[in-house]
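Working notes for the structure below.
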Amino acid sequence: MNTSRPRRDFFFSLASLAAAGSVSRLNASQPLPLPASNMSRAGDRYVDPRKVLLWESTRKEIRERIEGGLLKAAIVPTGSTEQHNEHLAMIQDIASSLLVAQQAALQLYPQVIVTTPVPVGISPYWMERKGTLTLRPETFLAMVYDICDSMRQHGVKTIFIVNGHGGNDQPLKTHMAEFRSKLGINIDACSYWDAYHSSAEIQAEVNQLMAGGIAKVPGHSGEFETSFALAAFPERVHREGVDYEKVHLQLKSADDLKSDRTFYYDSLLATAEKGERLIRIAVDWTAAKVQSMIAQA
Ligand SMILES: [Zn+2]
C-alpha cells in the first residue's frame, strides 16, 4: 500500500498528542495541532519510543531507572503466530498487543517498561491452516510466568499482561490468582479488546463504529483486526492476488469453513480510520489501568 508511510506517521504522532491532551477523539479529516506533536506527558519532551522497550535498553538504563525509583511497572505483551485468513500476516496478534503496550507505556514514561513479547500462543484450533505455531497451555503459561518472575526479581512489583490472542485469554485470566499468590506482586491480565467493554459509552461507540457491531470484536481477521492492521501496519495487509472464491481449504468442519469465509468477507468492511479510533481506545484504557495499578502499589 502506497499510503502506508503517511498513515503510519499520522498514527505514531497520536500517542504523544493524546498524552499532551491535544486529541480526545480522532478525526482524520481535521488537521492535527502541530506544536504538541513530539511532547510526552511525563516531561514535556520528546521520548524515543524505544526507551519503553526492555530489549532495546541497556542494563545501565534499566538499572538506573529501577534504582532511581522511576520504573514502577512492566507490561508483558502476549499474542500468537497463527494464520490470519488469506490477507493478514501471522504476526497480527503479537504486533497488535505490542503496539498497544508500547503506546500505553509512552504515555506513562518513564514509569513503565514493555518486556520482550511472548510471540507464540495457544492456537491448536488453527493447526489445519499452514503456518500456525502453537504452544501447549503449560508451556505458554510457564513462559509468561518466568518473564513476570524475572521482572519481580529485578524489583518490579506491578505487572500488567496485555494479550492480543483469543486462545490465551481464559488461560491467562484463570491463572492470575495463582500468579499473584506465587509471585507476591500486583499482577493482572487483559486482552486489549477488553477496553471496548470498559464503559457503556465506549461500548456504544464501538458498536456504532463497527459495521458488524461490537459482536464482531475481536473476531478473527475480520473487520476489527483488519482495521487495526490498516491503521497500525498496513504493509501487513496483503489483498494482492487474493481471490477467496478460489481458495480450497482442507478443513474437517463445515462450520469452520463457513466462519473462515465469513471472516474474510467481513474484513472488506475494514478501514484505517476505524482502526485508528479502536487503537486509541485500547491504548488509553491500558495506560489508565496501569496507572491505577501503580497508584495501588
Ligand atoms: Zn488475531
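For reference, positions follow the sequence shown, starting with 1. Counting starts at 1 for both ligands and their atoms, following the listed order.
Closest approach between the Zn ion (ligand 1) and any N/O/S atom of Glu225 involves OE2.
Counting backbone and side-chain atoms alike, Asp93 contributes an N/O/S atom closer than 2.8 Å to the Zn ion (ligand 1). Residue His220 does not count as close to the Zn ion (ligand 1), with no N, O or S atom under 2.8 Å.
The aromatic rings of Tyr145 and Phe179 sit perpendicular to each other, their planes meeting at more than 60°, with 30° as the lower class boundary.
Between the side chain of Ser227 and the backbone N or O of Thr271, at least one donor-acceptor pair lies under 3.5 Å.
Dense packing is recorded around NZ of Lys173, with more than 12 heavy atoms of other residues, nucleotides or ligands lying under 6.0 Å away.
Here the rule is side-chain contact (heavy atoms from CB on, under 4.5 Å) with Val52, and of Leu106, Val112, Leu108 only Leu106 fits it.
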